[in-house]
Amino acid sequence: MLIVPEREIADLMTREAAFDAVEGVFAAMASKDAYNFPVIREAIGHEDALYGFKGGFDKAGMTLGLKAGGYWPNNLEKHGHINHQSTIFLFDPDTGMVSAMVGGNLLTALRTAAASSVSIKHLARKDAKVMGMVGAGHQATFQLRAALEQRQFEKVIGWNYHPEMLPNIEKIANEAGLPFEAVELEGMREADVVISITSTFAPTIMADHIAPGTHIACMGTDTKGKQEVEAALLARATVFTDEVAQSVSIGEAQHAVAQGLIKESDVHQLGAVINGTDKGRASDDEITLFDGTGVGLQDLAVAASVVELAVQKGVAIDVDF
Ligand code: NAD
């Protein structure tokens with residue numbers, strides 16, 4: 001078994017490699033070459049933690065495995081660790097033997113940022129100029145850095161429930177040479193692309209906060225009960241997702257479907273747009289909404305990619321198991 005420790009990931013994995021791995025696996029999912037297993041995610045009744053497993057099998061890439069981990073909201077304050085903790089395990093599809101154990105924390109951030117970036121590449125208007133961020137926590141910085149590579153943005157605007165965290169994303173905007181402006185939620189109407197990446201259970205983005213023609217990637221809702229945007233926005237938008245089954249059960253679409261505002265069949269797979277079997281954005285006035293729920297196959301794709309790089313660079317630890 002090969003081990004790629006968390007400390008090695010930053011020097012191995014690039015945003016470009018994560019983007020390619022995620023775009024490829026979304027396409028494979030839509031052409032039914034790869035499928036995700038049902039997600040297990042439990043509130044364990046300790047440290048307010050949510051813990052679970054996401055797995056799948058990609059027959060095209062011959063990648064089988066799972067990510068185990070979750071969200072510990074008190075980690076940073078109490079233990080000095082980031083709130084997300086996860087490890088990815090890969091198995092040999094021919095024998096079922098474990099083949100690799102890979103640190104999943106940075107990879108989770110990179111593959112999640114890659115997912116919204118892939119959605120921006122395929123669904124945002126080409127002339128998008130203003131990038132809007134709702135959220136300024138750990139994931140938000142990765143999201144913004146990756147998103148800014150997808151269009152010729154001229155400005156970043158941001159809102160966060162905890163305004164004192166906004167400098168986290170202001171720094172990323174400035175590093176990319178762009179001005180940053182803190183706005184009220186109503187000010188998000190100026191944005192051509194919006195990413196929401198918060199841990200809220202009550203919607204903060206209302207339908208009238210988003211202007212016609214906007215692409216919004218909702219990345220924070222990955223559990224039953226969480227909700228970042230008003231369900232009415234999904235009824236106004238064309239809804240895309242990584243995985244329809246997850247979108248309607250643990251993603252942002254769970255609420256709009258439960259309220260009868262949209263049907264499961266209204267949710268499009270982003271991979272079909274990548275493959276050219278779904279037309280994607282139909283007009284410049286349309287709101288496109290990507291419900292990024294986070295699938296196990298994304299984790300397996302970036303883990304397989306990083307194992308290859310680790311072997312090439314001689315930093316994978318080989319253990320008998
Ligand atoms: P974090 O704890 O670093 O940041 C949390 C963010 O949510 C901050 O911006 C905070 O101000 C905001 N927030 C907290 N309470 C809020 C409230 N009541 N209303 C509005 N905003 C509130 O967390 P993170 O690591 O950045 O993760 C953010 C979210 O993304 C989590 O919900 C996490 O589960 C989710 N996530 C999704 C995926 C995916 O693939 N879709 C992957 C990783 C993380």
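Read the numbers this way: they start at 1 and go in the same order the structure lists the ligands and their atoms.
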Taking [atom] as the reference point, the nearest protein heavy atom with its distance:
atom	value
atom 4 (O) of ligand 1	G137 CA, 3.5 Å
atom 5 (C) of ligand 1	S199 OG, 3.7 Å
atom 3 (O) of ligand 1	H138 N, 2.8 Å
atom 31 (C) of ligand 1	K226 NZ, 3.7 Å
atom 1 (P) of ligand 1	Y71 OH, 3.7 Å
atom 11 (O) of ligand 1	H162 ND1, 2.7 Å

Would you indicate which of [options] comes nearest to [atom] when only heavy atoms are counted?
atom	options	result
atom 28 (C) of ligand 1	I197, N83, V134	I197
atom 38 (C) of ligand 1	E252, M133, M219, Q246	M219
atom 16 (C) of ligand 1	Y161, F201, W72	Y161

Side chain of H209, backbone of M206: donor and acceptor closer than 3.5 Å?
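Indeed, once roles are kept as given, a pair shorter than 3.5 Å links the two residues.
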
T214 side chain to I210 backbone, donor-acceptor under 3.5 Å
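No, T214 side chain to I210 backbone: no donor-acceptor pair under 3.5 Å.
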
Show which atoms of ligand 1 fall inside a sub-4.0 Å distance from at least one heavy-atom site of [X].
X	answer
R111	39 (C), 40 (O), 42 (C)
A136	9 (O)
T293	39 (C), 40 (O), 41 (N)
H84	25 (O), 27 (O), 33 (C), 34 (O), 43 (C), 44 (C)

Flag the pair [X] / [Y] as yes when at least one side-chain heavy-atom distance between them is below 4.5 Å, and no otherwise.
X	Y	answer
Y71	Y51	no
F37	F57	yes
K54	L66	no
I9	V102	yes
F180	K171	no

Any N or O on [X] sitting closer than 3.5 Å to an N or O of ligand 1?
X	value
D222	yes
G135	no
T198	yes
Q139	yes
N160	yes

Identify the residue among L178, V130, I169 that makes a side-chain contact (heavy atoms from CB on, under 4.5 Å) with V156.
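It is L178; the other options fail the test.
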
Set out, in order, the CA-CA distance, both residues' side-chain angles and the distance that settles side chain to side chain donor-acceptor pair (under 3.5 Å) for S196 and E228, then state yes or no.
CA-CA 7 Å; S196 62; E228 295 191 287; 3.0 Å; yes

Counting only heavy atoms, which portion of T112 has something under 4.0 Å from ligand 1: side chain, backbone, both, or neither?
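The answer is the side chain of T112.
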
Answer with side chain, backbone, both or neither: which part of M165 has a heavy atom less than 4.0 angstrom from an atom of ligand 1?
side chain

Nearest 0.5 Å please: distance from the CZ atom of R7 over to the CG atom of L106.
14.0 Å

Between E8 and K313, is there a side-chain N and carboxylate O pair less than 4.0 Å apart?
no

Greater than 12 external heavy atoms within 6.0 Å of E184's CD
no

